[in-house]
Amino acid sequence: MADNIFSKIIRKEIPAKIVYEDDRALAFRDTNPKAPIHILVVPKKDIARISEAEAADEPLLGHLLTVAAEVARKEGIDGTGYRLVINKGAHGGESVPHLHVHLLGGRAMSWPPG
Ligand code: DGP
């Protein structure tokens, strides 16, 4: 059983502002938002980071993206657009070792990212 902050949120051991939940995924608001809408979509399965996902996880990975799109519609940012981000490792900016998709919206994003 993983012992990181997102695993504890999934197990409801610590609180989070949950905006979506099903049997495979959970989405909750980031506590350090980088945009007016900043939501994290995570698998309930323990996958530390994208490089540790296996071929058998492909349906789950796709599910995370469709959940992100559904949450974006519910948040009212489908029309203006949004960005989905997965950070991996030190150079990617990963800080929590449980796979998560950042959903960022509510403002225009710059490119390339910093
Ligand atoms: P990353 O740097 O890609 O690993 O993103 C981790 C994000 O998790 C970061 O934007 C801040 C957020 N975060 C860290 N701790 C907590 C927490 O306890 N609750 C919530 N909701 N978000 C957290």
Side-chain angles (χ1 to χ4, degrees):
M1 190 185 286
D3 191 31
N4 61 73
I5 199 88
F6 292 172
S7 298
K8 291 175 181 171
I9 288 173
I10 291 164
R11 294 196 296 268
K12 311 283 171 65
E13 292 171 5
I14 63 169
K17 292 181 178 169
I18 293 171
V19 297
Y20 177 91
E21 180 169 16
D22 65 24
D23 58 328
R24 291 183 287 166
L26 188 71
F28 51 90
R29 295 192 192 280
D30 194 298
T31 49
N32 185 18
K34 302 296 189 293
I37 305 290
H38 189 171
I39 289 166
L40 304 168
V41 183
V42 306
K44 290 189 171 177
K45 179 180 177 182
D46 284 336
I47 300 174
R49 57 193 59 80
I50 189 62
S51 55
E52 290 174 35
E54 301 170 347
D57 295 318
E58 286 175 7
L60 176 58
L61 298 178
H63 184 60
L64 298 179
L65 297 182
T66 56
V67 166
E70 182 178 335
V71 170
R73 279 191 290 274
K74 283 186 186 164
E75 293 288 321
I77 56 172
D78 184 66
T80 48
Y82 51 86
R83 182 168 293 173
L84 302 180
V85 175
I86 297 175
N87 295 326
K88 141 73 184 173
H91 281 191
E94 175 195 323
S95 62
V96 178
H98 184 103
L99 178 63
H100 47 285
V101 178
H102 294 259
L103 165 62
L104 296 145
R107 66 168 172 83
M109 304 289 149
S110 59
W111 189 263

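Positions are given from 1 along the sequence.
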Worksheet item: With distance as the sole test, does E94 use its side chain to make a donor-acceptor pair with the main-chain N or O of K88 at under 3.5 Å?
Response: no
Discussion item. Once rounded to the nearest 0.5 Å, what's the spacing between atom CD1 of I86 and atom CG of L64?
Written reply: 7.5 Å
Practice prompt. Check step by step if side chain to side chain contact (heavy atoms under 4.5 Å, CB included) holds for V101 and V67.
Written response: CA-CA 10 Å; V101 178; V67 166; over 6 Å; no
Item to complete: Flag yes if I37 and L65 sit in one hydrophobic cluster, no otherwise; membership is Ile, Leu, Val, Met, Phe, Trp, Tyr, and two members link when side-chain heavy atoms are under 4.5 Å apart.
Response: yes
Practice prompt. Please name the pair of heavy atoms, one in Y82 and one in A72, separated by the smallest distance, quoted to 0.1 Å.
Written response: CE2-CB, 3.4 Å
Item to complete: Start with the C-alpha distance between H98 and I9, add both sets of side-chain angles, then the distance that settles side chain to side chain contact (heavy atoms under 4.5 Å, CB included), and finish with yes or no.
Response: CA-CA 11 Å; H98 184 103; I9 288 173; over 6 Å; no
Worksheet item: Which atom pair, heavy atoms only, marks the closest approach of K44 to D22?
Response: NZ-O, 2.8 Å
Item to complete: Check the pair V42 / L99 against side chain to side chain contact (heavy atoms under 4.5 Å, CB included), numbers first and verdict last.
Response: CA-CA 6 Å; V42 306; L99 178 63; over 6 Å; no
Practice prompt. Would you indicate whether the side-chain heavy atoms of H63 and T66 approach each other to under 4.5 Å?
Written response: yes
Worksheet item: Do you know the tightest heavy-atom contact between L84 and A68?
Response: CD2-CB, 3.8 Å
Worksheet item: Which atom pair, heavy atoms only, marks the closest approach of P43 to L60?
Response: CB-CD2, 3.8 Å
Practice prompt. Could you grab the distance from atom OG1 of T80 to atom CD of E75, nearest 0.5 Å is fine?
Written response: 11.0 Å
Worksheet item: Taking atom CG of N4 and atom CD1 of I10, what is their separation to the nearest 0.5 Å?
Response: 7.5 Å
Fill in: Closest heavy-atom pair and its distance - L104, A35
CD2-CB, 4.1 Å
Worksheet item: What's the shortest heavy-atom distance between R11 and A2, and which atoms?
Response: NH1-O, 3.0 Å
Worksheet item: Are D3 and K8 side-chain neighbours, meaning at least one heavy-atom pair lies under 4.5 Å?
Response: yes
Worksheet item: Got a donor-acceptor contact below 3.5 angstrom from the R107 side chain to the K34 backbone?
Response: yes
Worksheet item: Checking side-chain contact (heavy atoms from CB on, under 4.5 Å) against F6, which of L26, L40, I14 comes through?
Response: L40
Worksheet item: Would you say H100's side chain and I39's backbone share a donor-acceptor pair under 3.5 angstrom?
Response: no
Worksheet entry | Lys/Arg N to Asp/Glu carboxylate O, E70 vs R73, below 4.0 Å | no
Discussion item. Tell me whether R83 contacts the main-chain N or O of S110 through its side chain, where contact means a donor paired with an acceptor under 3.5 Å.
Written reply: yes
Item to complete: Give the ring-plane orientation class for H38 versus H102, where under 30° counts as parallel, over 60° as perpendicular and anything between as tilted.
Response: tilted
Discussion item. Would you say I5 ends up clustered with I18 if hydrophobic residues are merged whenever their side chains have heavy atoms under 4.5 Å apart, either directly or through other cluster members?
Written reply: yes
